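Below, chains carry the letters A, B, ... as their sequence lines are ordered, and counting in each starts from 1. What you see below is based on every heavy atom in this structure, not just the backbone, and it leaves out hydrogens, waters and symmetry mates. Note that the structure is predicted; figures quoted are calculated from it, not measured.
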Amino acid sequence: MLDVKFVRENIELVRNMLKNRQCDLDLEPLLKLDETRRRILVDVEEKKHRRNIASDEISGLKKEKKDSSSLVEEMKGLGQEIKVLDQQLAEAEQQFRDFLLIIPNMPDNSVPVGRDEKDNREVRTWGKKPAFDFKLKPHWEIGEDLGILDFERGARITGARFTLYWGAGAALERALISFMLDIHTRRHGYTEVLPPFMVNSASMRGTGQLPKFKEELFKLDGWDYWLVPTAEVPVTNIHSGEILEESALPRCYTAYTPCFRSEAGSHGKDTRGLIRQHQFNKVELVKFSLPEASYDELEKLLNNAETILQELGIHYRVIVLCTGDMGFSASKTYDIEVWLPGQETYREISSCSNFEDFQARRANIRFRRKGRSRTDLVHTLNGSGLAVGRTLVAILENFQQEDGTVIVPEVLRPYMGNMKVIEKLQ
RNA sequence: GGAGAGAUGGCCGAGUCGGCUGAAGGCGCUCGCCUGCUAAGCGAGUGUAGGGUGUAAAGCUCUACCGAGGGUUCGAAUCCCUCUCUCUCCGCCA
């Protein structure tokens with residue numbers, strides 16, 4: 001959510017931002033609502049002031065045993081007026097707030113202006129595309145041939161975009177989760193958290209999934225509970241409504257959660273394999289930062305995510321998203337795209353964003369500078385570190401061998417009972 | 001699921017028959033004094049949000065907030081209703 005005052009005073013900047021984001025939204029109603037709401041507010045506050053004074057007078061009169069009935073009568077009328085105005089105000093505030101909630105965040109100045117993913121810019125690459133002298137398979141073939149990925153039974157148990165993992169496949173997924181969490185906690189200094197996998201509407205609103213992206217979420221019937229689409233939601237909301245000490249920042253958390261996404265609007269896209277599932281595992285990195293430090297923290301967070309692929313020894317590239325491709329809540333986003341030789345393509349495996357104070361304002365996450373009385377909004381950041389299912393995909397495709405087996409990356413072997421090669425499950 | 005208790009400021013904790021209680025008292029914290037250092041002691045200060053005024057900061061001022069929402073009343077932290085959450089006991093369960 002943007003600051004109302006900022007919008008009021010920089011209306012042209014905001015209009016330009018909407019244009020750059022390819023977002024068609026007319027701001028006129030917002031300005032009108034703001035005006036209406038403030039007009040009513042001034043009126044009702046003045047009336048309440050009068051009522052407060054009169055109440056004191058009545059109290060005084062009663063103490064002196066004097067008659068107060070005419071004043072009481074008068075206040076009855078005023079009370080009615082206040083009641084009506086309060087209702088109007090509540091309505092105006094609600095509409096105003098609802099509108100503010102659907103305005104996307106301002107991109108940082110360093111973000112390239114562009115229409116869509118074609119205008120994203122490559123920042124750097126790491127490693128090289130591996131060379132093979134045999135015919136490569138996509139991961140779904142590798143997984144099915146080894147008997148470790150079972151798409152058919154996954155679909156039978158639940159439906160399309162659900163997968164059953166067997167044996168070394170299941171173990172590899174678990175190994176990756178442990179490995180990632182260990183690196184981030186032990187080497188990068190993050191605190192591990194294990195949050196609820198369902199959240200309420202307030203949390204979804206806090207991070208920006210609601211009200212605009214309802215159709216991408218799974219909701220529990222009869223409950224105000226939603227399945228988390230990413231750990232970002234529960235973990236960022238850890239501190240919602242809190243005022244943190246300046247000395248407590250930055251706070252760096254890492255969490256494993258499954259992620260549930262409806263993938264509405266993706267029909268027919270990535271239907272094969274593990275790339276696009278309704279349920280997948282992810283290790284997330286979340287930071288709460290001082291405003292002046294948040295872009296440094298973003299670079300660090302990105303590096304922390306990259307470390308995982310470097311340790312695994314898999315080629316990737318980093319891109320910065322342009323204004324037209326960036327998410328609703330983000331001010332700046334880097335994507336890490338991993339190389340998948342079986343499909344001869346790069347695929348997003350991590351998305352690292354700075355949200356500045358956009359989420360903090362929605363979720364009301366503040367801090368107090370030492371020696372100062374006023375509070376400020378923190379900056380929030382997060383990034384995948386990494387998407388586990390897609391990492392498993394990258395391992396299968398990058399470390400496949402001609403005989404159909406897959407080499408287990410060195411760093412994962414301690415987590416897999418020293419397994420060196422994944423062979424066909426008997 | 002059954003029975004009961006509770007929810008007040010950063011924390012603990014008062015709030016009488018509704019009326020200067022935004023809220024006593026204590027702790028903590030901040031600043032100052034004192035003191036070889038530390039501790040103790042002394043003094044002052046210490047909620048949040050929104051609005052008005054102000055070029056802005058400061059300041060001044062108003063309104064709201066004692067779990068959330070609604071009601072009664074001229075007036076509610078105090079009375080009534082609904083909901084949420086926490087705790088205790090029993091039952092059940094991983």
J.: Between B/G18 and B/C66, how far apart are the two C1' atoms, rounded to whole Å?
T.: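 Straight-line distance between the two C1' atoms is 15 Å.
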
J.: Starting at atom CD of A/Glu74, determine the distance to atom P of B/U73, rounded to an integer number of angstrom.
T.: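 These atoms are roughly 18 Å apart.
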
J.: What distance, rounded to whole Å, do you find between the two C1' atoms, one in B/U63 and one in B/C11?
T.: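 Nearest-Å result for B/U63 against B/C11 at atom C1': 28 Å.
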
J.: Should A/Lys47 and A/Glu81 count as an ion pair when the cut-off is N to O under 4.0 Å?
T.: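 Answer for the salt bridge query: yes.
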
J.: Could you list all N or O pairs between the protein and nucleotides 61-64 of chain B that sit under 3.5 Å apart?
T.:
unit_1 : atom_1 : unit_2  : atom_2 : d
B/C62  : O3'    : A/His49 : ND1    : 2.8
B/U63  : OP1    : A/His49 : ND1    : 2.9
B/U63  : OP1    : A/Asn52 : ND2    : 3.0
B/A64  : OP2    : A/Asn52 : ND2    : 3.4

J.: Please report the distance, rounded to the nearest Å, between CD in A/Glu73 and P in B/C74.
T.: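 Nearest whole value for this atom pair: 8 Å.
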
J.: Distance between the P atoms of B/A7 and B/A77, in whole angstroms?
T.: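 Looking at atom P only, B/A7 and B/A77 are 16 Å apart.
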
J.: Between B/C62 and B/G22, how many Å separate the two P atoms, rounded to a whole number?
T.: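 These two P atoms come out 13 Å apart once rounded.
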
J.: Between B/C17 and B/G9, how far is it from one P atom to the other, in whole Å?
T.: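 So the two P atoms sit 23 Å from each other.
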
J.: Tell which nucleotide pairs with B/U38, taking only Watson-Crick or G-U wobble pairs whose two distances are both under 3.5 angstrom.
T.: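 In the structure as shown, B/U38 has no Watson-Crick or wobble partner.
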
J.: Would you find more than 12 non-hydrogen atoms of other residues, nucleotides or ligands less than 6.0 Å from A/Gln22 atom CD?
T.: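 Above 12, so yes.
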
J.: Rounding to the closest angstrom, what is the interatomic distance between B/G36 and B/C12 at atom C1'?
T.: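 Looking at atom C1' only, B/G36 and B/C12 are 36 Å apart.
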
J.: For the pair A/Phe162 and A/His278, name the ring-plane relationship: parallel under 30°, tilted 30 to 60°, perpendicular over 60°.
T.: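 If you compare the ring of A/Phe162 with that of A/His278, the planes turn out tilted.
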
J.: Now, which nucleotide makes the Watson-Crick or G-U wobble pair with B/A56, with each of the two distances under 3.5 Å?
T.: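 When the pairing criteria are applied, nothing turns out to pair with B/A56, so the answer is none.
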
J.: Quick one: on RNA chain B, does A/Ile243 or A/Leu71 contact a more 5' nucleotide (nearest heavy atom)?
T.: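 Per heavy-atom nearest nucleotide, the more 5' residue is A/Ile243.
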
J.: Where does the angle between the aromatic ring planes of A/His188 and A/His184 fall among parallel (under 30°), tilted (30 to 60°) and perpendicular (over 60°)?
T.: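 Judged by the thresholds at 30° and 60°, the geometry between A/His188 and A/His184 is tilted.
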
J.: Return the 5'-most residue of the pair A/Gly79, A/Arg38 with respect to RNA chain B, ranking by each residue's nearest nucleotide.
T.: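 The residue mapped nearer the 5' terminus is A/Arg38.
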
J.: Is A/Arg115 salt-bridged to A/Asp119, cutoff N-O under 4.0 Å?
T.: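 No.
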
J.: Could you tell me whether A/Arg251 and A/Glu297 make a salt bridge, using a distance below 4.0 angstrom between a side-chain N and a carboxylate O?
T.: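 Between A/Glu297 and A/Arg251 there is no salt bridge, as every charged N stays at least 4.0 Å from the carboxylate O atoms.
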
J.: Can a donor-acceptor pair be found between the side chains of A/Asn304 and A/Thr307 at a distance below 3.5 Å?
T.: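 Their side chains do not contain a donor-acceptor pair, so the 3.5 Å distance test is not met.
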
J.: Which nucleotide, if any, forms a Watson-Crick or G-U wobble pair with B/A5, using both distances under 3.5 Å?
T.: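 B/U86 is the nucleotide pairing with B/A5.
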
J.: Counting the atoms with a prime plus P, OP1 and OP2 as sugar-phosphate, which does A/Lys47 contact under 4.0 Å by heavy atoms, base, sugar-phosphate, or nothing?
T.: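 No contact.
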
J.: Before accepting this row, confirm whether a basic side-chain N of the pair A/Arg38/A/Asp34 lies closer than 4.0 Å to the acidic partner's carboxylate O.
T.: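 Yes.
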
J.: Measure from the side-chain heavy atoms of A/Arg366 and tell me the nearest of B/C74, B/U48, B/G51.
T.: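 The answer is B/U48, which lies nearest to the side chain.
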
J.: So that I can tick it off, tell me whether A/Glu35 and A/Arg39 are bridged by a salt bridge, with the cut-off set at under 4.0 angstrom between side-chain N and carboxylate O.
T.: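 Looking at A/Arg39 and A/Glu35, the cut-off is not met.
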
J.: Quick one: which of B/G52, B/C74, B/A49 gets closest to the side chain of A/Val72?
T.: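 So the nucleotide nearest the side chain must be B/C74.
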
J.: Are the charged groups of A/Lys48 and A/Asp86 less than 4.0 angstrom apart, N to O?
T.: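 Salt bridge between A/Lys48 and A/Asp86, a charged N being under 4.0 Å from a carboxylate O: yes.
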
J.: Given that both distances must come in under 3.5 Å, which nucleotide forms a Watson-Crick or G-U wobble pair with B/C92?
T.: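 Base-paired to nothing in any strand shown.
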
J.: Give none if B/U16 has no partner; otherwise give the nucleotide forming a Watson-Crick or G-U wobble pair with it, both distances under 3.5 Å.
T.: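 Across all strands, not a single nucleotide pairs with B/U16.
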
J.: Looking at A/Val406, A/Ile142, A/Leu392, A/Leu396, which hits side-chain contact (heavy atoms from CB on, under 4.5 Å) with A/Ile148?
T.: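 Single side-chain contact (heavy atoms from CB on, under 4.5 Å) partner of A/Ile148 among A/Val406, A/Ile142, A/Leu392, A/Leu396: A/Leu396.
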
J.: Counting heavy atoms from C-beta on, name the nucleotide in B/G52, B/A49, B/C85 closest to the side chain of A/Val42.
T.: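 Nearest listed nucleotide: B/G52.
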
J.: May I ask you to say whether A/Glu73 pairs ionically with A/Lys76, meaning some side-chain N is under 4.0 Å from a carboxylate O?
T.: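 The answer is yes: the pair qualifies as a salt bridge.
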
J.: Pick out the pairs of N or O atoms, protein on one side and nucleotides 6-8 of chain B on the other, that lie under 3.5 Å.
T.:
none

J.: Report yes if at least one side-chain N or O of A/Arg39 is closer than 4.0 Å to OP1 or OP2 of B/G51; otherwise report no.
T.: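 The answer is no; no side-chain N or O of A/Arg39 sits under 4.0 Å from OP1 or OP2.
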
J.: Output one line per pair: protein atom, nucleotide atom from nucleotides 16-20 of chain B, and distance, for all N/O pairs under 3.5 Å.
T.:
unit_1 : atom_1 : unit_2  : atom_2 : d
B/G19  : O2'    : A/Ser59 : OG     : 3.2
B/G19  : N2     : A/Ser55 : O      : 3.2

J.: Quantified in whole Å, what is the P atom distance between nucleotide B/A64 and nucleotide B/G75?
T.: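 After rounding to an integer number of Å, I get 12 Å for this pair.
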
J.: Does a nitrogen or oxygen in the side chain of A/Thr375 sit under 4.0 Å from OP1 or OP2 of B/G47?
T.: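 Looking at the OP1 and OP2 atoms of B/G47, neither is under 4.0 Å from any side-chain N or O of A/Thr375.
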
J.: Assess the residue pair A/Ser59 and A/Asp56 against the criterion (side chain to side chain donor-acceptor pair (under 3.5 Å)); give the C-alpha distance rounded to whole Å, side-chain angles, the decisive distance to 0.1 Å, and a yes or no.
T.: CA-CA 5 Å; A/Ser59 167; A/Asp56 274 356; 5.8 Å; no

J.: Using the C1' atom as the reference point in each nucleotide, state the distance between B/G67 and B/G6 in Å, no decimals.
T.: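 Their C1' atoms lie roughly 11 Å apart.
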
J.: Do A/Val44 and A/Ile82 have side chains that get closer than 4.5 Å, going by heavy atoms?
T.: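 The answer is yes, as the side chains (C-beta and beyond) meet within the 4.5 Å cut-off.
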
J.: For B/U46, which nucleotide in any strand shown is its Watson-Crick or wobble partner with both distances under 3.5 Å?
T.: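 Base partner found: B/G28.
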
J.: Only pairs with both distances under 3.5 Å count, Watson-Crick or wobble alike; so what is the partner of B/U78 in this structure?
T.: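 Across all strands, not a single nucleotide pairs with B/U78.
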
